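Worksheet: the structure to be examined is printed underneath.
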Amino acid sequence: MKKVISVVLAVLLAVSCLVGLSGCGSSKKTTLYVYNWGQYISEGDDGSLDVIAAFEEAYPNIRVQYSTYDSNETMYSKLKTGGISVDVIIPSDYMIARMIDEDMLLPLNFDNIPNYQYVDEAYRNTSYDPENQYSIPYTWGTVGIIYNTKYVDEADLTGWELLWNEKYSGKILMFGNSRDAFGIAEYLLGYDVNTTDDGELQAAAQKLKEQKPLVQQYVMDEIFDLMENEEAWIAPYYAGDFLTMAEENENLAFYHPSQGFNLFIDAMCIPSCCQNKEAAETFINFLCKPEIAGGNMDYLGYGTPETAAKEFMDPDVVASEVAYPSEETLSKGTSFLFLPASVNQRMEELWLQAKTD
């Protein structure tokens with residue numbers, strides 16, 4: 001199905017360029033630096049849409065230089081210290097709020113992003129960007145537990161406690177970033193995942209210390225090979241990435257823990273270090289085009305914030321209860337909120353201790 005859809009998209013793209021997409025035929029060359037999560041854009045594998053190639057074909061005056069990060073915190077650190085200069089980034093909700101607060105994002109010129117019209121109302125005026133000045137939703141999704149049905153007993157599939165089950169010592173992976181890891185411990189302990197209470201943060205850190213002897217590795221993108229090759233059997237991760245892994249290993253399955261889980265939105269933003277703002281907005285606008293968003297999300301397996309994009313997606317993906325959970329399931333999800341700088345710093349300190357003690 002994906003191969004068929006990508007052929008249709010290719011035809012649509014060719015026609016759109018012929019009828020006069022802005023930028024087609026211009027002689028001026030611009031390099032656009034895009035900084036995104038790993039495994040987070042359709043690259044033409046298995047006959048899927050190659051988003052960047054399609055953009056460069058439609059806008060031959062813009063060349064995309066694409067690089068990746070493995071967590072919000074890595075991306076933030078690179079930009080905060082001036083270690084990298086990029087034009088487009090795709091952070092998560094809580095990190096967007098933090099970067100707005102620290103003047104690290106530029107307001108968008110929506111005249112250059114007319115395809116914003118396709119973004120559903122449910123993803124506008126969000127808590128992290130209430131005036132819709134700095135971000136445009138790229139995906140939404142949930143966090144849960146991926147497990148291998150060959151090795152994990154069904155009776156153990158209850159909640160986050162599976163990640164502390166000594167029966168699977170050495171076969172458990174854990175998030176390599178502090179916010180997701182602390183969130184899991186806080187769900188398990190019954191705390192608010194946006195707590196600022198130092199006693200609760202310390203208790204969560206202690207829970208993570210107790211887990212450490214059971215953990216094979218703390219990972220982000222490394223999870224793909226480890227779970228697909230069955231070197232590890234259990235891991236918390238993002239639902240969209242589970243769908244990618246499951247295509248490589250049919251023994252993998254996914255569930256949402258009973259105590260609750262993170263419900264997130266990742267959005268396209270322009271950092272204050274941007275050197276090519278108009279080109280950045282052109283790229284963002286292109287990603288919002290329904291046939292592009294559809295082809296992209298069809299490959300990624302994440303939720304699209306554009307109902308119009310679903311017309312260009314594999315119906316099996318749209319019907320997936322992992323990518324698009326029921327309202328009952330979603331009611332158990334919680335979004336991470338922006339925390340004060342002092343709390344973020346404290347969490348990082350405790351996280352480092354939990355991993356190294």
Side-chain angles (χ1 to χ4, degrees), residues 1-24 34 36 40-44 47-55 57-59 88 90 92-93 96 108-126 128-129 132-142 239-240 243-244 263-269 280-327 330:
M1 179 62 76
K2 291 181 180 178
K3 292 185 179 180
V4 174
I5 290 174
S6 67
V7 170
V8 174
L9 287 167
V11 172
L12 288 170
L13 284 169
V15 171
S16 66
C17 193
L18 287 172
V19 299
L21 272 172
S22 173
C24 289
V34 177
N36 193 8
Y40 215 34
I41 197 167
S42 182
E43 299 178 330
S48 62
L49 173 68
D50 188 330
V51 173
I52 292 176
F55 175 77
E57 181 179 352
Y59 295 87
V88 178
I90 305 182
S92 300
D93 35 31
I96 293 171
L108 301 174
N109 180 356
F110 283 83
D111 290 340
N112 294 329
I113 315 175
N115 288 331
Y116 178 68
Q117 66 181 301
Y118 297 111
V119 175
D120 296 349
E121 287 295 330
Y123 301 96
R124 302 186 184 197
N125 302 106
T126 56
Y128 59 85
D129 186 9
N132 284 328
Q133 292 185 340
Y134 300 93
S135 64
I136 292 183
Y138 180 64
T139 67
W140 65 270
T142 61
L243 293 174
T244 299
L263 174 62
F264 63 86
I265 298 175
D266 291 344
M268 300 171 281
C269 304
E281 289 165 342
T282 299
F283 183 75
I284 291 173
N285 186 60
F286 185 80
L287 292 183
C288 289
K289 195 176 180 69
E291 53 264 45
I292 300 303
N296 195 18
M297 295 306 109
D298 186 61
Y299 180 78
L300 294 180
Y302 280 84
T304 175
E306 301 180 16
T307 298
K310 293 181 179 180
E311 297 179 21
F312 301 93
M313 296 174 62
D314 184 336
D316 290 339
V317 175
V318 176
S320 168
E321 294 184 1
V322 174
Y324 298 95
S326 67
E327 288 299 322
L330 289 176

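Since we're looking at a predicted model, the values are computed, not measured.
Closest heavy-atom contact between G301 and A323: O-CB, 3.3 Å. Among all heavy-atom pairs drawn from F283 and V34, the shortest one is CE2-CG2, 3.9 Å. The heavy-atom pair separating I292 from F286 by the smallest distance is CB-O, 3.5 Å.
In this structure, C288 and M268 have side chains that are in contact, with non-hydrogen atoms separated by less than 4.5 Å. Side-chain contact between N132 and N125 is present, with heavy atoms from C-beta onward closer than 4.5 Å. In this structure the side chain of C269 reaches within 4.5 angstrom of the side chain of I96, judged on heavy atoms. Side-chain contact check for K310 versus Y324: some heavy-atom pair is nearer than 4.5 Å. Between Y134 and Y128 the shortest side-chain heavy-atom distance does not fall below 4.5 Å. A 4.5 Å side-chain heavy-atom check between W140 and L330 finds at least one atom pair inside the cut-off.
Atom CD of Q133 has more than 12 neighbouring heavy atoms from other residues, nucleotides or ligands inside a 6.0 Å radius.
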Dump the intermediate steps for side-chain contact (heavy atoms from CB on, under 4.5 Å) on Y116 and R124, then the final yes or no. CA-CA 10 Å; Y116 178 68; R124 302 186 184 197; 3.2 Å; yes
Kindly indicate, with the supporting measurements, whether the criterion side-chain contact (heavy atoms from CB on, under 4.5 Å) is fulfilled by V51 and E43. CA-CA 6 Å; V51 173; E43 299 178 330; over 6 Å; no
Chi angles and distances behind the side-chain contact (heavy atoms from CB on, under 4.5 Å) call for N285, N112: CA-CA 7 Å; N285 186 60; N112 294 329; over 6 Å; no
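In summary, the aromatic rings of Y302 and Y138 are positioned with their centroids too far apart to meet the 6.0 Å limit.
For D120 and T307, the side-chain atoms include at least one donor-acceptor pair closer than 3.5 Å. Between the side chains of Y299 and T244, no donor N or O sits under 3.5 Å from an acceptor N or O.
Side-chain atoms of D298 come within 3.5 Å of backbone atoms of D314 as a donor-acceptor pair (strictly under, hydrogens ignored). Proximity of a side-chain donor or acceptor of S42 to a complementary backbone N or O of L49 within less than 3.5 Å is detected. Judged purely by atom type and a 3.5 angstrom limit, D316 has no side-chain atom pairing as donor or acceptor with the backbone of S320.
Rounding to the nearest 0.5 Å places CG of N109 at 11.0 Å from CD1 of I284. Interatomic distance, OH of Y123 versus CD1 of I136, reported as 15.5 Å (0.5 Å rounding). With values rounded to the nearest 0.5 angstrom, I41 atom CD1 is found 6.5 Å from I90 atom CD1. Atom CG of L287 and atom CD1 of I52 lie 9.0 Å apart (nearest 0.5 Å). Of the inter-residue distances, the one linking T139 atom OG1 with I265 atom CD1 reads 8.5 Å to the nearest 0.5 angstrom. The distance from the CG atom of L108 to the CG atom of D129 is 8.0 Å, given to the nearest 0.5 Å.
Residues meeting the ring-ring contact (aromatic ring centres under 6.0 Å, His included) test with Y118, sequence neighbours left out: none.
With a 6.0 Å cutoff to the six-membered ring centre and a 45° limit on the axis angle, K289 does not count as a cation-pi contact of F312.
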